[in-house]
Amino acid sequence: MKELEEKILKEGHALSENILKVDSFINHQVDPVLMQQIGDAFAGHFGNKGITKVVTIESSGIAPALMTALSLNVPMIILKKQPSKVLNDNLLQTVVTSFTKGTSYELTLSHQFIQENDNVLIIDDFLANGCALLGLIDIVKESGATLEGAGIVIEKGFQNGGQKIRDMGVRLESLAIVDSMTDDSLTFRD
């Protein structure tokens with residue numbers, strides 16, 4: 001997606017060869033116009049799949065997932081990273097490790113929000129090694145719903161997550177794939 005790539009080049013910052021900071025438009029401050037374009041792009045990729053639910057992880061995936069759900073006119077479901085006193089019955093859970101934060105957390109979803117007859121689209125902001133996405137995939141499979149695919153705003157193509165997910169046979173659509181980055185350059189995959 002050209003608009004996203006241009007925004008990354010203009011406002012993104014490579015903090016190292018593995019960390020891309022995009023907090024001015026995706027995950028701290030959110031550019032709503034760009035998010036609407038992202039939601040429309042994912043709806044374009046998956047609009048013919050009969051999606052009934054869009055699923056994401058709190059918190060950085062919420063904006064693109066919400067705009068995708070809006071474009072598809074379906075509910076969005078947020079998997080929680082923190083334990084909750086009100087989420088305590090009929091739960092689906094898995095443990096994932098965040099590449100960026102270097103910490104593990106338990107993803108939790110109340111089974112009442114995803115049923116066997118649902119067609120699920122996963123949306124997330126980043127894909128690096130694939131741990132978070134694998135956790136989301138596990139929970140969707142555990143629910144009995146049909147996974148129709150995953151949409152990623154920015155994939156780090158130089159890390160193995162995207163290949164791992166594609167090798168599983170999951171349809172993966174990434175709007176921007178970064179092939180390499182250094183302190184002063186960033187290269188996108190065509």
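Just so it is clear, the model here is predicted, and its values are computed rather than measured. The chain is numbered in sequence order, starting from 1.
For Glu155 against Ile152, the heavy-atom pair with the smallest separation is N-CG2, 3.9 Å. When every heavy atom of Gln159 is checked against every heavy atom of Ala128, the shortest pair comes out as OE1-CB, 3.1 Å. Looking at every heavy atom in both residues, Ala176 comes nearest to Phe188 through CB-CE2, 4.2 Å. Of all heavy-atom pairs spanning Met181 and Leu20, the tightest one is CE-N, 3.6 Å. When all heavy atoms of Arg189 and Glu5 are compared, the closest pair comes out as O-OE2, 4.4 Å. Pairing each heavy atom of Thr182 with each of Ala14, the nearest pair is O-CB, 3.2 Å.
When the side chains of ILVMFWY residues are joined at heavy-atom separations under 4.5 Å, either directly or via intervening members, Leu72 and Leu136 end up in two distinct hydrophobic clusters. A single hydrophobic cluster is seen to contain both Phe46 and Val153, as judged by linkage of ILVMFWY side chains at heavy-atom distances under 4.5 Å, directly or through other members. Using a 4.5 Å cut-off between side-chain heavy atoms of Ile, Leu, Val, Met, Phe, Trp and Tyr, with links allowed through other members, Leu15 and Leu186 fall into different hydrophobic clusters. Ile165 and Leu175 are assigned to two separate hydrophobic clusters, defined by single-linkage of ILVMFWY side chains at heavy-atom distances under 4.5 Å. Follow the hydrophobic side-chain contacts under 4.5 Å out from Val54 and you never reach Leu92; the two are in separate clusters.
Annotation: His28, atom NE2; neighbour count of heavy atoms from other residues, nucleotides and ligands within 6.0 Å does not exceed 12. Annotation for Asp167: atom CG counts as buried by contact number, over 12 foreign heavy atoms lying within 6.0 Å.
For residues 39-50, the set of pairs meeting the salt bridge (Lys or Arg N to Asp or Glu O under 4.0 Å) definition, not counting sequence neighbours, is empty. Residue pairs meeting the salt bridge (Lys or Arg N to Asp or Glu O under 4.0 Å) criterion with at least one member in residues 17-38, sequence neighbours excluded: Lys7-Asp31, Lys21-Asp23. Applying the salt bridge (Lys or Arg N to Asp or Glu O under 4.0 Å) test to every pair with at least one member in residues 119-128, sequence neighbours left out, gives no pairs at all.
Here the straight-line distance linking atom CD1 of Ile122 with atom OG1 of Thr68 works out to 12.5 Å at 0.5 Å rounding. Rounded to the nearest 0.5 angstrom, Ile51 CD1 and Phe42 CZ are separated by 12.0 Å. With rounding to the nearest 0.5 angstrom, the CD atom of Gln93 is 12.5 Å from the NE2 atom of His111. One distance of note links CG of Leu134 with NZ of Lys164; it measures 5.5 Å at 0.5 Å rounding. We find the CG-CD1 distance between Leu34 and Ile8 to be 8.5 Å, quoted to the nearest 0.5 Å. Considering CD1 of Ile139 and CD1 of Ile114, their distance stands at 8.0 Å, rounded to 0.5 Å.
In this structure the side chain of Leu4 reaches within 4.5 angstrom of the side chain of Ile26, judged on heavy atoms. Counting heavy atoms from C-beta outward, Phe126 and Val22 have side chains that approach closer than 4.5 Å. Contact annotation: the side chain of Met67 never approaches that of Ile38 to less than 4.5 Å [non-hydrogen atoms, C-beta and beyond].
Taking a 4.5 Å side-chain heavy-atom cut-off between Ile, Leu, Val, Met, Phe, Trp and Tyr, the cluster of Leu66 extends to Ile62, Met76, Ile78. Hydrophobic cluster membership for Ile177: none, as no Ile, Leu, Val, Met, Phe, Trp or Tyr side chain comes under 4.5 Å of it.
Legend: residues meeting salt bridge (Lys or Arg N to Asp or Glu O under 4.0 Å) with Glu173, ordered by chain and number and at least two apart, are Arg171.
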Item to check | Evaluation steps, side chain to side chain contact (heavy atoms under 4.5 Å, CB included), between Asn129 and Lys156 | outcome: CA-CA 8 Å; Asn129 291 321; Lys156 296 175 184 176; over 6 Å; no
Checklist entry - Going through the distances and angles, do Leu172 and Leu133 end up as a side chain to side chain contact (heavy atoms under 4.5 Å, CB included)? => result CA-CA 10 Å; Leu172 178 62; Leu133 187 51; 4.2 Å; yes
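At a cut-off of 3.5 Å, with distance as the only test, no side-chain donor of Ser24 or Gln29 sits close to an acceptor on the other residue.
No donor-acceptor pair closer than 3.5 Å links the side chain of Thr94 to the backbone N or O of Leu107. Distance alone, capped at 3.5 Å, places no donor-acceptor pair between the Lys81 side chain and the Ile57 backbone. Using a distance-only test at 3.5 Å, with no hydrogens or angles considered, no donor-acceptor pair links the side chain of Asp118 to the main chain of Lys53.
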